[in-house]
Amino acid sequence: MTVTKMSWRPQYRCSKFRNVYGKVASRENCYDCIPITKNVHDNHFCAVNPKFLAIVTESAGGGSFFVIPLHQTGRIEPNYPKVCGHQGTVLDIKWNPFIENIIASCSEDTSVRIWEIPDGGLKRNMTEAVLELYGHSRRVGLIEWHPTAINILFSAGYDYKILIWNLDVGEAVKMIDCHTDVILCMSFNTDGSLMATTCKDKKLRVLEPRSGRVLQETTCKNHKVTRVVFFGDMKRLLTTGVSKWNTRQIALWDQEDLSMPVTEEEIDGLSGLLFPFYDVDTHMLYLAGKGDGNIRYYEITAEKPYLTYLMEFRSPAPQKGLGVMPKHGLDVSACEIFRFYKLVTLKNQIEPISMIVPRRSENYQEDIYPMTSGTEPALSPDEWLRGVNKGPVLMSLKEGYRKENKAIYKAPVKEKKSLVVNGIDLLENVPPRTENELLRMFFKQQEEIRRLKEQLSQRDLLVRQLELELKNLRNSPKDS
């Protein structure tokens, strides 16, 4: 293992990505006046695809999020329609990678919900999901789609369990219960045959998702892990976390041997969480800190030094989270290789940031745009559940993004029946109310009691007035 400390001076090497720079969109191409959620949960609260931008918003009751057509930039009206069917705060949202109108959300109300967004965006508030999934006994903090199999969704709850949902039947088909604390992050390798997780129990795990079998596990003593990302098919993992000296740190691991990191590198002394983003096509790693405005980027190699620092994008505005555009939604004519959507809570603004390779030629740059993951699924849910593994179906970006996947999602008609996963009947075990939901119910009941008391007091006052008038009539002298 090697431990290095990042120098302030970039270590240049011969690389076509050495001069990559970040370009912030102009003000008219940003999204303004968006009430971004104030929730402190460590998620991005943003999801984007070539059609829509989704942002979790602040909501007085329950949970909600905006879904904005990507071209609809500028000021967003205060009464803009929302997706607002959850009874608790929305904690995570993710677009289906193969059906661009389908988005999944999870919430403090213990549910996972699937929504179908109309092509032109929302015209009114959407309260009815096409599918509601219950199985967790506590709030659900993370959701992830399988990278190659259509309609396979993973959800991680505060009950320390990961449920695997087959959306074709609308049921949980597997449960992974090897964790002993809250799951912080999930990441898949290229074909989805392996899953890596980080957990509050300070352990990094590599799992076989169908069986839930732990293939590799390590307790990180000197590196408190928070996030993990697979480096495609390089058989490497990268984790971000905090060192024993309370500095932000990244560590590179061999997925087949987690006994010791391949290398570790200290980043800085700030306290915000480090979000890692990996581009499998360019082998570039982006590190963005929650609460600061910088995005560092590195080039990844299979041999030493493994991580080569390239440059840093700097901005004075701190970021709460970042959405990432899929590769087929980028502008190849501008040599754009990555695009972030930065949540700036101080301005209530979503700011697109394009990472661009400077090139003079206007021709298609084939060396920076290899064949990339497309919108066609490689597997059906049944094929994946039977044990088949396939890499993603690749597409070329040479002619720009034109082909649209015609797949549609038809929600199953669910009947009341027993749903047993790993010997536990999930439908018989009704999820308990969350703390926020109990508080809302308590205040609602108190308000109802107060209203009834007011009605009773008004009725008593009216009765007393009538009794007094009747008494006066009885005591009054009769007309002569």
Side-chain angles (χ1 to χ4, degrees), residues 1-13 15 17-18 20-22 42 44 184-185 187 196-206 216-231 234-255 257-279 282-316 318-322 338 340 342 355:
M1 183 189 75
T2 59
V3 180
T4 58
K5 190 166 183 178
M6 191 187 72
S7 170
W8 64 270
R9 181 175 297 173
Q11 299 173 357
Y12 291 118
R13 59 188 287 272
S15 168
F17 303 112
R18 189 182 68 183
V20 168
Y21 66 95
D42 287 329
H44 294 295
L184 301 175
C185 183
S187 178
T197 64
T198 56
C199 182
K200 269 193 174 180
D201 61 10
K202 300 182 181 180
K203 288 186 177 181
L204 170 65
R205 295 175 175 89
V206 176
Q216 290 286 325
E217 180 181 274
T218 185
T219 301
C220 305
K221 298 178 181 178
N222 299 328
H223 173 71
K224 184 181 177 183
V225 293
T226 53
R227 288 291 183 273
V228 61
V229 63
F230 261 102
F231 279 171
M234 297 178 70
K235 295 189 176 181
R236 293 279 193 270
L237 295 166
L238 181 118
T239 57
T240 66
V242 180
S243 71
K244 60 182 179 182
W245 295 284
N246 251 3
T247 57
R248 293 198 294 191
Q249 189 181 51
I250 58 176
L252 186 68
W253 306 80
D254 183 344
Q255 73 180 35
D257 182 11
L258 298 182
S259 59
M260 186 176 291
V262 176
T263 182
E264 292 179 343
E265 187 170 305
E266 292 183 14
I267 303 300
D268 55 33
L270 299 179
S271 59
L273 180 75
L274 273 179
F275 292 116
F277 303 89
Y278 180 64
D279 184 354
T282 61
H283 302 297
M284 285 182 65
L285 169 72
Y286 301 86
L287 296 178
K290 183 178 180 180
D292 54 78
N294 302 343
I295 301 175
R296 299 172 175 86
Y297 37 102
Y298 300 75
E299 189 170 13
I300 309 302
T301 55
E303 297 82 25
K304 288 185 178 182
Y306 306 115
L307 299 166
T308 303
Y309 176 75
L310 295 174
M311 197 64 70
E312 181 176 1
F313 167 80
R314 296 186 180 183
S315 168
Q319 57 224 5
K320 182 180 182 67
L322 293 160
F338 216 75
F340 294 101
K342 175 179 173 179
M355 310 306 294

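Note that these values count all heavy atoms, side chains included, but never hydrogens, waters or copies made by symmetry. Quantities reported herein were computed from a predicted structural model and do not represent experimental measurements.
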- Query: Using 30° and 60° as the class limits, which term best fits the ring planes of Y286 and Y297: parallel, tilted or perpendicular?
  - Reply: tilted
- Task: Evaluate the ring planes of H283 and Y278, with Trp represented by its six-membered ring, and classify them as parallel (under 30°), tilted (30 to 60°) or perpendicular (over 60°).
- Result: tilted
- Message: Pair S243, E264 - check side-chain contact (heavy atoms from CB on, under 4.5 Å), show working.
- Response: CA-CA 10 Å; S243 71; E264 292 179 343; over 6 Å; no
- Item | Test: D201 and R205 ion pair at under 4.0 Å | yes
- Item | T198 side-chain N/O to V225 backbone N/O, donor-acceptor pair under 3.5 Å | no
- Donor-acceptor pair, T218 side chain versus L258 backbone, under 3.5 Å? yes
- Query: Looking only at heavy atoms, which two atoms of Q216 and Q255 are closest? And how far apart?
  - Reply: CG-O, 3.3 Å
Do the side chains of [Y] and [X] get nearer than 4.5 Å, heavy atoms only?
X    : Y    : answer
L237 : V206 : yes
K200 : L184 : yes
V20  : L310 : no
T263 : K304 : no
C185 : T226 : no
T239 : I250 : no
E265 : Y298 : yes
L238 : L307 : yes

- Test side-chain contact (heavy atoms from CB on, under 4.5 Å) on W253 and V228 and set out the steps. CA-CA 10 Å; W253 306 80; V228 61; over 6 Å; no
- Task: Any chance you could measure R236, atom CZ, to L252, atom CG, to the nearest 0.5 Å?
- Result: 6.0 Å
- Task: List the steps and the verdict of side-chain contact (heavy atoms from CB on, under 4.5 Å) for D292 and Q319.
- Result: CA-CA 6 Å; D292 54 78; Q319 57 224 5; 4.2 Å; yes
- For the residue pair F340 and F313, is the inter-centroid distance of their aromatic rings smaller than 6.0 Å? no
- Task: For R248 and T240, run side-chain contact (heavy atoms from CB on, under 4.5 Å): C-alpha distance rounded to whole Å, both residues' side-chain angles, the deciding distance at 0.1 Å, then the answer.
- Result: CA-CA 8 Å; R248 293 198 294 191; T240 66; over 6 Å; no
